[in-house]
Amino acid sequence: MRQRIAVVGGGPGGLTFARVLHRHDHPVTILERDPAPDARPPGGTLDLHKGLGQLALDKAGLLAEFQALSRPEGQAMRILDPAGTVLRDWRPHPDDRANPEIDRGQLRDLLLGPLDVRWGQGVTRVVPGTRDGVLVHFADGRQEAFDFVVGADGAWSRTRPAVSPVAPHYTGITVVETCLDDVDTRHPDLARLIGDGSVAVYGVNRTLVAQRNSGGHVKVYARFRAPLDWHTNLDLADAEAVRSSLLTLFNGWAAPVLDLLHHGTAFVHRPLYVLPVPHTWPHVSGVTLLGDAAHLMPPLGVGANLAMLEGAELAESIATGPADLDEAVRAFEEQMWARAGRWAKITMAGLERLVSPDPAQALAHFEQVQPS
Ligand SMILES: Cc1cc2nc3c(=O)[nH]c(=O)nc-3n(C[C@H](O)[C@H](O)[C@H](O)COP(=O)(O)OP(=O)(O)OC[C@H]3O[C@@H](n4cnc5c(N)ncnc54)[C@H](O)[C@@H]3O)c2cc1C
């Protein structure tokens with residue numbers, strides 16, 4: 001009899017896992033807390049790397065569709081200093097497909113395809129080793145048993161406590177996100193500043209990054225070092241108060257750069273949390289984690305890539321690997337821990353350099369990661 005498999009979370013990792021299992025005709029139950037796919041804004045653009053996210057999409061049979069949707073020109077990167085001087089203006093070669101960008105909503109729809117997600121299923125607890133198997137508890141009080149449960153439920157995973165007592169900790173760096181719509185028609189000067197991809201401005205202990213999404217939408221990220229309670233005297237729901245606080249924080253920066261904040265339409269606070277490195281656990285029969293649930297790291301362009309590749313690899317090894325599920329999952333975990341551990345160290349060091357007392361560190365980091 002086939003195993004009853006569930007994945008908690010329909011983000012990039014959970015959906016890739018389900019899609020690859022589906023490709024192998026293996027049934028899987030997808031439990032997602034959001035009540036519908038469009039219940040909240042899907043978030044900004046993601047760059048998918050050739051050997052990571054793109055490899056995962058290949059395993060799901062979706063690489064050609066991704067290539068048709070993605071924006072290779074979005075790899076362009078311009079770096080300015082706070083005075084507005086352009087320090088670097090990197091543009092990809094026309095046939096460069098190393099890290100093309102895709103909107104999260106487009107990626108979600110691509111992965112969803114024929115999958116049947118159970119929306120509005122907030123999981124509160126996962127209990128392995130019961131007489132019925134792994135028991136999943138839901139927010140509405142129901143319970144359901146499975147043979148194998150994958151926690152792909154992100155940073156604040158409710159599956160994680162089934163295998164590990166560890167929780168994310170604050171990095172000391174926070175982000176306030178805002179956005180611009182119809183940038184080409186409403187803010188042509190900013191559209192030119194941002195170009196086809198991203199613009200990043202590095203100052204002392206703070207940075208501003210603007211990233212073009214499709215359809216003239218731009219996400220702007222103000223990153224700075226601050227204690228977790230930096231906003232004690234600020235109403236985060238009051239957009240004008242947040243704008244004014246950010247303008248004070250970035251005081252003295254060139255006017256065209258500050259226009260990214262002047263024209264931002266809504267502000268969302270996202271303090272950056274991470275899991276310790278390495279984060280491993282003694283194998284627990286019937287449950288594992290992948291993606292941010294397993295290895296939350298700074299958002300420097302790999303988290304979704306890793307989640308997707310892990311989802312694809314785990315699904316493949318269930319469908320085609322050893323008959324003993326525990327053996328397959330143990331091998332998967334070892335591989336995930338080794339690869340994610342390497343990336344967690346790289347991204348943590350990268351974050352320290354990108355939001356640094358010495359902005360020259362940020363430029364040096366860019367020179368190291370940019371291929372040409
Ligand atoms: C600003 C920013 C930019 C980024 N840019 C990039 C990039 O360019 N490239 C890249 O690779 N990564 C990027 N990342 C990181 C990336 O977003 C994450 O690493 C990635 O989304 C993790 O995928 P996941 O599937 O593990 O988890 P998530 O994307 O967090 O998905 C988890 C899913 O689980 C659901 N869920 C949560 N709790 C429950 C529950 N209790 N019950 C049921 N469902 C639940 C959630 O609703 C969600 O759908 C960025 C992150 C940020 C913040």
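Every number for a ligand or one of its atoms is a count from 1 in the order of the listing. Since the model is a prediction, treat every value here as computed from it, not as a measurement.
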Under 4.0 Å, heavy-atom basis, I'd like to know which part of [X] is in contact with ligand 1: side chain, backbone, both or neither.
X	result
R158	side chain
L46	both
E101	neither

Looking at ligand 1, does R40 have a heavy atom less than 4.0 Å from it?
yes

Quick check on G44 - does any of its heavy atoms sit under 4.0 Å from an atom of ligand 1?
no

Any atoms of ligand 1 less than 4.0 Å from a non-hydrogen atom of [X]? List them with their elements.
X	answer
Y221	1 (C)
G122	42 (N)
Q121	42 (N), 43 (C)
G13	25 (O)
D47	7 (C), 8 (O), 9 (N)
L31	43 (C), 44 (N)
A152	32 (C), 33 (C), 34 (O)
V8	42 (N), 43 (C)

Quick one: closest heavy-atom pair of [X] and [Y], and the distance?
X	Y	result
T347	L300	O-CD1, 3.3 Å
I30	G10	CG2-CA, 4.4 Å
Y273	T171	C-CG2, 4.4 Å

Give yes if a backbone or side-chain nitrogen or oxygen of [X] is under 3.5 Å from a nitrogen or oxygen of ligand 1, and no if not.
X	result
L290	no
P299	no
E177	no

Please state which protein non-hydrogen atom is closest to [atom] and give its distance, to 0.1 Å?
atom	result
atom 19 (O) of ligand 1	D292 OD1, 2.8 Å
atom 27 (O) of ligand 1	G154 CA, 3.8 Å
atom 45 (C) of ligand 1	R33 CB, 3.6 Å
atom 36 (N) of ligand 1	D153 CB, 3.9 Å
atom 47 (O) of ligand 1	E32 OE2, 2.6 Å

I'd like to know if the side chain of [X] and the backbone of [Y] have a donor-acceptor N/O pair within less than 3.5 Å.
X	Y	result
H279	A294	yes
R108	P37	yes
R158	V126	no
Q3	I5	no
E352	A349	no

Partner of V183 under side chain to side chain contact (heavy atoms under 4.5 Å, CB included), chosen from D189, L190, N213:
L190

Using heavy-atom distances, let me know which of K219, R104, Q211 sits nearest atom 3 (C) of ligand 1.
R104

Atom 23 (O) of ligand 1: of G10, G11, P12, the nearest heavy atom sits on P12

Test W90 against F366 for ring-ring contact (aromatic ring centres under 6.0 Å, His included), laying out the working first.
CA-CA 10 Å; W90 185 82; F366 172 79; 7.4 Å; no

Under the side chain to side chain contact (heavy atoms under 4.5 Å, CB included) rule, what do R160 and D153 come out as? Steps first, then yes or no, please.
CA-CA 9 Å; R160 190 165 50 227; D153 45 347; over 6 Å; no

Counterpart residues, side chain to side chain contact (heavy atoms under 4.5 Å, CB included), relative to H231 (two or more places apart)
L234, L236, H269

Between D95 and R97, does a salt bridge (Lys or Arg N to Asp or Glu O under 4.0 Å) hold up when you go through it step by step?
CA-CA 6 Å; D95 54 13; R97 297 289 183 274; over 6 Å; no

